[in-house]
Amino acid sequence: MLVTNRQALADGIRDGIPIGLGYFVVSFTLGITAKHAGLNPLQGFLASLFNNASAGEYAGFTVIAADAPYLEIAIITLIANARYLLMSAVMSQKFSVDTPFYHRIFVGFDVTDEIFGITVAREGKLNPFYNYGAFIPALPGWSIGTALGIIAGNVLPPSAVSALSVALYGMFLAIIIPPSRKDKIIGMIVAISFASSFLAETFFGDISAGTRTIILTIFIAGAAAIFKPVKDN
């Protein structure tokens, strides 16, 4: 069934609403970090609007607080966000061959863990308007939350912020459980990913989370592609 651009946009907005709500809560704590780095609400808003990445922004704000040079800020942000290069490569395979290049650029602008998850879980070819719809609640949630976090400072206790941030983990479970129940191979890969991530953090905790994610993604996805490849229709 061919999905119209309007329907794809509506589906994206629907699926992006819980992402935006989760982003709002998590970015509130990011705003507190930005405040300590000396950013004002407008600067924090723009930083999150153009760099929708928690690990990358936390790393960036940390080196800003240390009065690091621009080159160091750029390098640390690139390293922290490198896993999105892999996600973009996967998402590019879901596009139809006749998809204009500018759509690929715009979709690649906001590749996050959560948006990647709902995109790859969607059956059929990728309609870029689905991602545009997901951006509508996700980007404001992230950037406005950062600005409000800077304004509020440390008003909320850490326990309250930690409890609210559980919403993102619940959303992740909602993404991975249905395909895992449908396909035992996917379920096995998810279980292996959980176990491998736990072991990597336990024994290689000195390596950044982004780098660990890249390494595990390459090895686990590569092994799955070799031993259980997806047959072309």
Side-chain angles (χ1 to χ4, degrees), residues 19-20 22-23 26-95 101-120 126 128 131-132 134-135 138-147 149-150 165 168 172 193 196-197 200-201 203-222:
I19 295 178
Y23 281 177
V26 174
S27 64
F28 195 92
T29 61
L30 178 68
I32 296 174
T33 303
K35 178 181 176 64
H36 292 161
L39 276 71
N40 61 42
L42 177 59
Q43 292 169 335
F45 175 86
L46 293 176
S48 287
L49 183 66
F50 293 108
N51 184 27
N52 191 356
S54 57
E57 284 191 75
Y58 272 116
F61 292 155
T62 300
V63 294
I64 288 174
D67 199 22
Y70 290 133
L71 179 60
E72 184 175 334
I73 296 173
I75 292 175
I76 192 66
T77 304
L78 175 63
I79 294 173
N81 293 336
R83 68 185 185 276
Y84 298 125
L85 298 175
L86 298 176
M87 296 181 188
S88 296
V90 173
M91 288 175 60
S92 68
Q93 299 179 30
K94 289 183 66 68
F95 279 112
F101 183 71
Y102 63 85
H103 279 312
R104 299 173 185 269
I105 293 293
F106 291 147
V107 169
F109 164 72
D110 196 25
V111 177
T112 67
D113 299 340
E114 295 77 21
I115 292 179
F116 171 79
I118 62 174
T119 301
V120 297
L126 173 60
N131 288 71
Y132 299 156
F135 296 170
L139 277 173
W142 187 251
S143 51
I144 294 174
T146 302
I150 294 175
S165 64
L168 275 181
F172 264 125
S193 300
S196 300
S197 181
E201 183 175 3
F203 296 103
F204 303 100
D206 53 333
I207 301 176
S208 69
T211 302
R212 292 199 306 267
T213 300
I214 292 172
I215 295 173
L216 291 176
T217 299
I218 291 175
F219 277 98
I220 296 174

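Note that these values count all heavy atoms, side chains included, but never hydrogens, waters or copies made by symmetry.
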Is there side-chain contact between [X] and [Y], with heavy atoms separated by less than 4.5 Å?
X	Y	result
Ile115	Val111	no
Tyr84	Met91	no
Phe135	Asn52	no
Leu30	Phe61	yes
Thr146	Phe45	no
Arg83	Thr217	no

Criterion side-chain contact (heavy atoms from CB on, under 4.5 Å) on Ile215 and Phe204, from CA distance to verdict: CA-CA 12 Å; Ile215 295 173; Phe204 303 100; over 6 Å; no

For the [atom1] atom of [X] and the [atom2] atom of [Y], what is their distance to the nearest 0.5 Å?
X	Y	atom1	atom2	result
Ile32	Ile150	CD1	CD1	10.0 Å
Glu57	Asn81	CD	CG	8.5 Å
Asn131	Asp110	CG	CG	8.5 Å
Phe116	Ser88	CZ	OG	9.0 Å

What is the minimum heavy-atom distance between [X] and [Y], and which atoms define it?
X	Y	value
Ile118	Ala134	CD1-CB, 4.1 Å
Phe95	His103	CZ-O, 4.5 Å
Gly117	Val120	O-CG2, 3.5 Å
Thr119	Lys94	O-CE, 3.3 Å
Pro41	Ala147	O-CB, 3.6 Å

Plane angle bin for Phe50 and Phe109 - parallel if under 30°, tilted between 30 and 60°, otherwise perpendicular: perpendicular

Sub-3.5 Å donor-acceptor pair from the side chain of [X] to the main-chain atoms of [Y], do we have one?
X	Y	result
Ser27	Trp142	yes
Gln93	Val90	no
Ser197	Ser193	no

Tyr23 side chain to Thr112 side chain, donor-acceptor N/O pair below 3.5 angstrom: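 The answer is yes; a qualifying pair exists.
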
Any donor-acceptor N or O pair under 3.5 Å, side chains Ser48, Ser143: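 Side chains of Ser48 and Ser143: no pair found under 3.5 Å.
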
Audit row: Asp113, Met87, side-chain contact (heavy atoms from CB on, under 4.5 Å) steps and yes/no: CA-CA 8 Å; Asp113 299 340; Met87 296 181 188; 2.9 Å; yes

